[in-house]
Amino acid sequence: MSHNVLAFLETNRDRLLEKLNDFLAIPSISTDSTHKQDIINAAYFVKKYLDEIGFDIVELQETGGHPLVYAEYNQAGPEAPTVLFYGHYDVQPVDPLELWKSDPFQPEVRGDRLYARGASDDKGQVFMHLAVFEAFMKTEGKLPLNVKVCIEGEEEIGSENLYDLLQQKKELFQADFAVISDSGMIAQNQPTILYGLKGFTGIEVTVHGPDHDLHSGLYGGAIRNPIMALSHILASMKNENEVVTVGGFYSTVEVLSEEERELMNSIEGEDYLQSTGVNQVVSEKGYTEKEHTMARPTLEVNGIYGGYQGEGTKTIIPSSATAKITCRLVPNQDPEHIQNLLEEHIIKHTPSGVTVEVKKEKLSSKAYKVEPNHPLIIKAAESYTKAFGVETVFVRMGGSIPVVEWIDEIFAMPIVLLGFGTPEDRLHSPNESFPLDSFDKGMETLVHYWKEVSKE
Ligand SMILES: [Zn+2]
């Protein structure tokens, strides 16, 4: 009975929160080598908890970097499904420290939130899963399904070794589906199914002109200006309707169904005028800004530099100019193919008198999407709704989570993003926090979900 499991979580709430505080108190900052021992301590905290719960196998996997905690529970029997649960125990650095109202590693409850680095991203969410597993074991003597646990310590530094490890130990991590709780809901108390993520790719383009900066009075009129040439190239990549004009850019993009467009437009969106201070929103012609941000590809210039940047005037023709360009991709767009298309377009639009150099960004990823009516997704939505008492909404996100794409690529299994964070959590910033109410409702969601997916 999930009733008993929920009662256990309620009765043990204080003890569990205290235990969570012990976890949050470990400064497991993965990017900072002075915290190497803390990383180990956090890994051992997770390992010890999994041992206590009664997982059959619990071990630290060497990665070449920070260890990954692997665990297996397989007493639910061969008929029961197996889930791969992914999360991370490492956290972001805390500086600027003076902006924290309380010590980032001395968890403090203020109002209805728990403040600490990692409270939301991702120790808090990982802990919820562990506590729910404990509750099942202590009340029912078993978990409703088989579980493989994969908690890494390098997420905040780009999961440097994860891809290789998953690839090398494919058998070990193979499961029927994956659950990741390292994301958020669109608003506190608004259960949200994130069923699609964008992919990502980028290039850096440099236009080279004269081999040194030139006097604009002596050479202006004879020499092509690299900044002007670069501006010309950039301006040619998108038109006034926010349509990318790079040949072939949209050729593999799937047509959005009417149903999906309705789904996206039905969500209460962010008020961009209010939140960003712009005077008007713009989106691709024929698409609303919700459709464009969630489900249509984008191209942005992220930075541009060249020439004189100092005070006053310096009358030169600069020798070079550079721009950084990235694209957010949708399903079926291949990052490398898009890089090639961008390069072709740039070469074609480079004016005479200059040369162009294109560097391709190595860190690319494909988009991910699971069908919103997949049974595992429907069950997740129902479990959320049951726990939060609010109808679940479905969204796609403009951002990317590399691990999702990797699990998709390596294992081809459905991935359920069960996120419990809220937009007010201040991830990666001072005063990170998590609503205590979301702990309770999040754990309840998990109890319902594990029960639901293990039926039949
Ligand atoms: Zn995270």
Side-chain angles (χ1 to χ4, degrees), residues 20 23-32 35 38-39 42-43 45-46 49 63 65-70 84-95 104-105 107 113-131 149-163 165-166 173 178-186 188 192-200 363 365 368 395 397-408 415-435 438-439 442-443 445-446:
L20 168 62
F23 188 26
L24 292 171
I26 306 168
S28 50
I29 303 169
S30 48
T31 192
D32 185 344
H35 285 284
D38 298 312
I39 277 282
F45 179 97
V46 175
Y49 198 179
T63 65
H66 303 318
L68 178 145
V69 187
Y70 176 80
L84 174 69
F85 163 56
Y86 166 88
H88 62 92
Y89 65 79
D90 65 322
V91 296
Q92 282 274 320
V94 293
D95 37 312
F105 298 109
R113 284 180 168 265
L114 176 65
Y115 288 82
R117 170 59 86 228
S120 176
D121 178 17
D122 186 31
K123 282 171 163 175
Q125 301 198 51
V126 164
F127 188 86
M128 287 157 70
H129 279 268
L130 302 182
V149 174
C150 165
I151 311 287
E152 69 157 325
E154 301 190 305
E155 199 276 343
E156 303 294 4
I157 47 173
S159 302
E160 282 167 7
N161 297 292
L162 184 67
Y163 183 89
L165 189 74
L166 293 178
F173 292 96
V179 163
I180 300 178
S181 294
D182 189 19
S183 56
M185 316 198 296
I186 57 168
Q188 186 174 344
T192 308
I193 291 284
L194 188 55
Y195 69 96
L197 297 165
K198 280 186 178 171
F200 169 92
L363 200 75
S365 68
Y368 174 74
V395 300
M397 192 173 87
S400 318
I401 307 179
V403 64
V404 173
E405 195 242 321
W406 298 342
I407 292 177
D408 182 40
I415 302 164
V416 183
L417 298 168
L418 275 182
F420 299 105
T422 76
E424 294 79 30
D425 290 357
R426 294 183 182 261
L427 313 178
H428 299 196
S429 298
N431 304 308
E432 178 177 350
S433 68
F434 192 73
S438 297
F439 274 114
M443 289 194 291
T445 305
L446 295 173

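In listed order, ligands and their atoms are each counted from 1.
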* Asked: With under 30° as parallel and over 60° as perpendicular, where do the rings of Y70 and F173 fit, or are they tilted in between?
  ->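 Correct class here is perpendicular.
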* **Contacts of type side chain to side chain contact (heavy atoms under 4.5 Å, CB included), residue S429, not counting sequence neighbours** =>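 Expected list: R426.
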* side chain to side chain contact (heavy atoms under 4.5 Å, CB included) involving E154 - partner list, sequence neighbours excluded ->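 Side chain to side chain contact (heavy atoms under 4.5 Å, CB included) list for E154, sorted by chain: T63, H66, E152, I157, E160, N161.
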* Is it true that a side-chain atom of S400 and a backbone atom of K198 form a donor plus acceptor pair closer than 3.5 Å? ->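 Yes; judged by distance alone, with no hydrogens or angles, the pair exists.
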* Say whether, by atom type as modelled, one donor and one acceptor occur between the side chain of S120 and the main chain of S433 under 3.5 angstrom. =>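 No, the answer is negative, given that no donor and acceptor are paired below the 3.5 Å cut-off.
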* **For T445, all residues meeting side chain to side chain donor-acceptor pair (under 3.5 Å), sequence neighbours excluded** =>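 Expected list: none.
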* To do: Tally every protein N/O/S atom whose distance to the Zn ion (ligand 1) is less than 2.8 Å; waters are neither shown nor counted.
  =>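 N, O or S atoms of the protein closer than 2.8 Å: 4.
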